[in-house]
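Inspection log for the structure reproduced underneath, given as structure tokens.
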Number of protein chains: 2
Amino acid sequence: MSKRPVSLKTLAQALNVSISTVSRALRNHPDIGPELTQRVQQLAQELHYSPNPLAMGLLKNATRIIGVIVPALVTHFFASIISGIESVAIEHGYYIVIRCSYESFEKEQECLANLLQLRVEGIIMCLSQETKTYAHFDPLLAAGTPLVFFDRVCRPAEVPTVVVDNQAAACRITRHFAAQGRRRIAHIAGPAALNISRERVAGYRQGLAAEGLDFDPQLLASCNMSATSATAATRQLLALPAPPDAIFGVNDTTAFAAMKEIRRQGLRIPADVALVGFTDEYHATVVEPALTSVMHPTFEIGRTAALLFLEQAKGPVPPRQVVLATQLVVRESSGQKP
Amino acid sequence: MSKRPVSLKTLAQALNVSISTVSRALRNHPDIGPELTQRVQQLAQELHYSPNPLAMGLLKNATRIIGVIVPALVTHFFASIISGIESVAIEHGYYIVIRCSYESFEKEQECLANLLQLRVEGIIMCLSQETKTYAHFDPLLAAGTPLVFFDRVCRPAEVPTVVVDNQAAACRITRHFAAQGRRRIAHIAGPAALNISRERVAGYRQGLAAEGLDFDPQLLASCNMSATSATAATRQLLALPAPPDAIFGVNDTTAFAAMKEIRRQGLRIPADVALVGFTDEYHATVVEPALTSVMHPTFEIGRTAALLFLEQAKGPVPPRQVVLATQLVVRESSGQKP
DNA sequence: TTTTTCTCCGCAAAGGTTTGCGCAAAGCTT
DNA sequence: AAGCTTTGCGCAAACCTTTGCGGAGAAAAA
């Protein structure tokens, strides 16, 4: 389509020397005389020569492209993580190609295959909600292709991961509720296949135990992390004979949905029901009442994942499991029980 | 680093035929006998052969990669647009590489140069806030490299663009305010270099005129679209001897900041000051009161931009200017004046 | 039987880059 | 002056793919 860009050949012909000489001159090879080196470099400047990454890729078997697969793009959480990945990638001369699995197992496999066809040097990804089997990563592992999981992970013995301290955070939330005088603390959990769901439930129960509160299965609702299913879960909780006086959602989307439903039923937050989210989407601060939430170091998660990729890309190293700390940001939605 | 993937050579050696024969067999060339064709294709299947895009790229001078530059990633608006671009790209066998200009002119140029080095087939982008000169696009135009602008645009005579009906929408907002009994309608505008800012101001003034209201320069504040500068602008407006009874922000971030500041000053929304945003970030529905805003067809903007790229990529065609319709979503924040 | 026509496949070049090796001319040593 | 080491550059292969052309063998025609 468009004209071919200037190549070594272009320069070589213009200067009446061989391609290899030009190549060497540009890399300041001692074999090339200083005068010629100078001339070559100057012409390269003038003609805005830049090495063809396709040719280099072919030669070195390295595209300098990282494939990134996220379950969703249009969320503060993933966008921010991608931003973190991008920043590290750029610093190290890598590009990132993003693909979205839309929380579908099938699409996740498609994306994976698709990116491998592109010959990405590795994959950084977050599992889809539907992903319950992990055999589709076998080929990568076998081929030694760098792979990094973040947030939702699997096969930690083989694949480096970066996650947050989900259980500790959930425990902290539960105890925070208790400290505010809440006794019937509910949790809207996510899909059980996801480590984040399981860990947060574990933290929830740990927190209950630490506060001497009994675990009531009725207070453990679950959803698929969509707003509608979270609304349904909230409705179910509020319809209980003994409804909860505190709810924490598996993420902020869930909490927002719960907030709407609670208000729709004419209940007050936090007077009647305290509420806490997870993931700290940007707008947690803007809702009324402001939402107490667990702040994820999203940008840092992205950066760390990218750094783990770089580690793997250098050579096979044992997979590291990085756990990043979260922070419970207390706002109005989890105020003292009157 | 990792082992080389299976190539035509691998297949050729395994089957003891030449590389060209394998290549032809895979593409069902009539020159190759049916029996051999069958054997080649079967082995290719078994070994999961897929053509090397680098080699193809070199040969065809086409990487099938689209470069995308956005001023920011971590917003509903841009994330959703990127999602739209990605969906079309995938459908047509393209990949997208995303770069972020962070609203900086300098970084915008870096990203551009960086993506061109990667030999992307074209660029889809949104101008940074700082971008006031447009000469850095000359090389692309000269080389015939496909280029598409969305939302914030320039050089519309030469470059295809996809924008929304900013002026009409701003006019609609202003008249909506008037219909709710507002008389002192303020606007917090964005940087004047941006078409979106100028068009929205024009719509604002058009709306005032249509309603027989005088334009008061004091009611036209401006900001750089950041929350802090929007807060300052709001403070300035509210400090006026005759403060506004309605404000519309150039986007939702601005409106959210205004909302906080208005409440901080003890004023009620919409009783004292009505408020309208622009861009309809997801959380507009979740704030209290829910924010009236102009809904952008973000996903569609992305899809359209990608389609315009495909048009250009096919061959040089005159640049089209696509204008997408927005929708004013009336919620509580712009209720009737008491 | 000889010539012609197919059928089926391989050679080689091109695209851009790096790099081991070879080779000529110049400078150096005795 | 003859042999030696440098110095400075080009050749060619490799990475992977497509494709025009040529060529060997077999089948068909004369």
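We name chains A, B, ... by the order of the sequence lines, and we start the count at 1 in each one. As the structure is a computational prediction, the values presented were derived from the model and not from experiment.
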Subject >> For atom CZ of B:Arg4 and atom P of D:dT17, their distance in whole Å >> reply: 11 Å
Subject >> Salt bridge present between A:Glu91 and A:Arg303 (N-O < 4.0 angstrom) >> reply: yes
Original post:
In whole angstrom, what separates B:Gln117's CD from C:dT17's P?
Top reply: 12 Å
Subject >> Atom pair distance, as rounded to whole Å: CG in A:Leu8 and C1' in D:dA14 >> reply: 16 Å
Original post:
Which pairs count as ring pair (Phe, Tyr, Trp, His ring centres under 6.0 Å) when at least one residue sits in residues 87-123 of chain B, sequence neighbours excluded?
Top reply: B:Tyr94-B:Phe309, B:Phe105-B:His136
**OP:** For A:Leu36, report the nucleic acid contact type (base, sugar-phosphate, nothing); a contact means any heavy atom under 4.0 Å.
**Re:** sugar-phosphate
Original post:
Between B:Pro71 and B:Arg152, is any pair of side-chain heavy atoms under 4.5 Å apart?
Top reply: yes
Subject >> Short N-O contact, A:Lys107 and A:Glu130, less than 4.0 angstrom >> reply: no
**OP:** Give a yes/no on whether any side-chain N or O of B:Tyr49 is located under 4.0 angstrom from OP1 or OP2 of D:dT17.
**Re:** yes
Original post:
In whole angstrom, what separates A:Gln13's CD from C:dT17's P?
Top reply: 12 Å
**OP:** Quickly work out the B:His29 NE2 to D:dT19 P distance and round it to whole Å.
**Re:** 8 Å
Subject >> Closest-nucleotide 5' rank along DNA chain C - winner of B:Leu54 and B:Ile32 >> reply: B:Ile32
Subject >> Rounded distance (Å) that lies between atom C1' of D:dT17 and atom CG of B:Leu59 >> reply: 5 Å
Subject >> For atom CG of B:Asn52 and atom C1' of D:dT18, their distance in whole Å >> reply: 13 Å
**OP:** Any chance you could list the contact pattern along nucleotides 19-27 of chain C? Use B for base contacts, S for sugar-phosphate-only contacts and - for none, protein heavy atoms under 4.0 Å, 5' to 3'.
**Re:** BB-------
Subject >> Nucleotide D:dT17, atom P - distance to CG of A:Asn61 in whole Å >> reply: 12 Å
**OP:** Keeping the roles fixed (side chain from A:Asp151, backbone from A:Cys126), state whether a donor-acceptor pair exists under 3.5 Å.
**Re:** no
Original post:
If you check the B:Met56 side chain, which of C:dT18, D:dT17, C:dG16 turns out closest?
Top reply: D:dT17
**OP:** Kindly point out which of D:dC15, D:dT17, C:dT17 is positioned nearest to the side chain of A:Ala55?
**Re:** C:dT17
**OP:** Answer yes or no: does atom CD of A:Gln109 have more than 12 heavy-atom neighbours from other residues, nucleotides or ligands under 6.0 Å?
**Re:** yes
Original post:
Where each residue is assigned the nucleotide of DNA chain C containing its nearest heavy atom, which of B:Pro34 and B:Leu58 is assigned the position nearer the 5′ end?
Top reply: B:Pro34
Original post:
Do the side-chain N and O atoms of A:Ser50 and B:Arg119 include a donor-acceptor pair separated by under 3.5 angstrom?
Top reply: yes
